Amino acid sequence: MYDGSINYALSMRQHNTIRANEEALLTDIQFAIGRNVIERNGTKKYSDEFLDALGDNGVIVVTPERKADKWIFRLPDEEGNYDNY
């Protein structure tokens, strides 16, 4: 009787967590002055659409292979260069 409601609540919880991760990363990208690499815990989740949009806009995304690895987001500098790694 409650299965549908429970599944919906759990899926919305996961969706909201992903959106919060994405918003936090966007804020860090916005205020990343003087550094071109942002790292995140490998257990963070991001939607495929979000990761594709980052790539389409010049952000190089290195996906963690294991939970112990980190997400790495390489940002171009103001001129679009990636020399500051």
Side-chain angles (χ1 to χ4, degrees):
M1 174 172 174
Y2 294 105
D3 289 347
S5 296
I6 291 169
N7 284 332
Y8 177 76
L10 290 173
S11 69
M12 286 308 299
R13 179 175 182 244
Q14 182 179 18
H15 172 81
N16 291 335
T17 299
I18 288 171
R19 292 292 171 241
N21 291 342
E22 293 170 356
E23 289 298 322
L25 180 59
L26 289 174
T27 298
D28 285 351
I29 288 172
Q30 181 179 0
F31 293 104
I33 306 296
R35 64 184 171 124
N36 289 2
V37 176
I38 296 174
E39 294 183 354
R40 288 288 177 269
N41 187 305
T43 60
K44 297 276 187 192
K45 303 282 185 207
Y46 301 98
S47 68
D48 290 335
E49 296 82 10
F50 179 74
L51 296 172
D52 289 344
L54 289 174
D56 291 345
N57 287 283
V59 176
I60 297 172
V61 178
V62 179
T63 306
E65 294 183 18
R66 299 174 305 236
K67 287 184 180 181
D69 296 338
K70 299 219 180 250
W71 286 94
I72 299 172
F73 301 94
R74 294 182 176 150
L75 312 175
D77 64 15
E78 293 80 13
E79 289 83 34
N81 298 314
Y82 295 87
D83 298 336
N84 299 358
Y85 295 137

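Just so it is clear, the model here is predicted, and its values are computed rather than measured.
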How far apart are the closest heavy atoms of Pro76 and Gly58, and which atoms are they?
CD-O, 3.3 Å
Kindly compute the distance separating OG1 (Thr17) from CD (Glu22), expressed to the nearest 0.5 Å.
11.0 Å
Atom pair CD/CG of Glu49 and Leu54 - distance to nearest 0.5 Å:
12.0 Å
Working for side-chain contact (heavy atoms from CB on, under 4.5 Å), residues Tyr46 and Val61:
CA-CA 11 Å; Tyr46 301 98; Val61 178; over 6 Å; no
For Val37 versus Arg74, what's the shortest heavy-atom pair and its separation?
CG2-CG, 4.2 Å
State yes or no: do Tyr2 and Tyr8 share one hydrophobic cluster built from I, L, V, M, F, W and Y residues joined by side-chain heavy-atom distances below 4.5 Å, directly or via other members?
no
With no hydrogens and no angle check, is any side-chain donor or acceptor of Asp69 less than 3.5 Å from a backbone partner on Arg66?
yes
Heavy-atom pair with the smallest gap, counting every atom of Leu75 and Arg35
CD1-O, 4.5 Å
Asn21 side, atom CG; Trp71 side, atom CH2 - distance, nearest 0.5 Å
10.0 Å
Ser47 vs His15 side-chain heavy atoms within contact, under 4.5 Å
no
Could you grab the distance from atom NZ of Lys45 to atom CZ of Phe50, nearest 0.5 Å is fine?
15.0 Å
Enter the distance from Ile38:CD1 to Leu26:CG here, rounded to the nearest 0.5 Å.
9.5 Å
Euclidean distance, Phe73 CZ relative to Asn36 CG, rounded to 0.5 Å:
14.5 Å
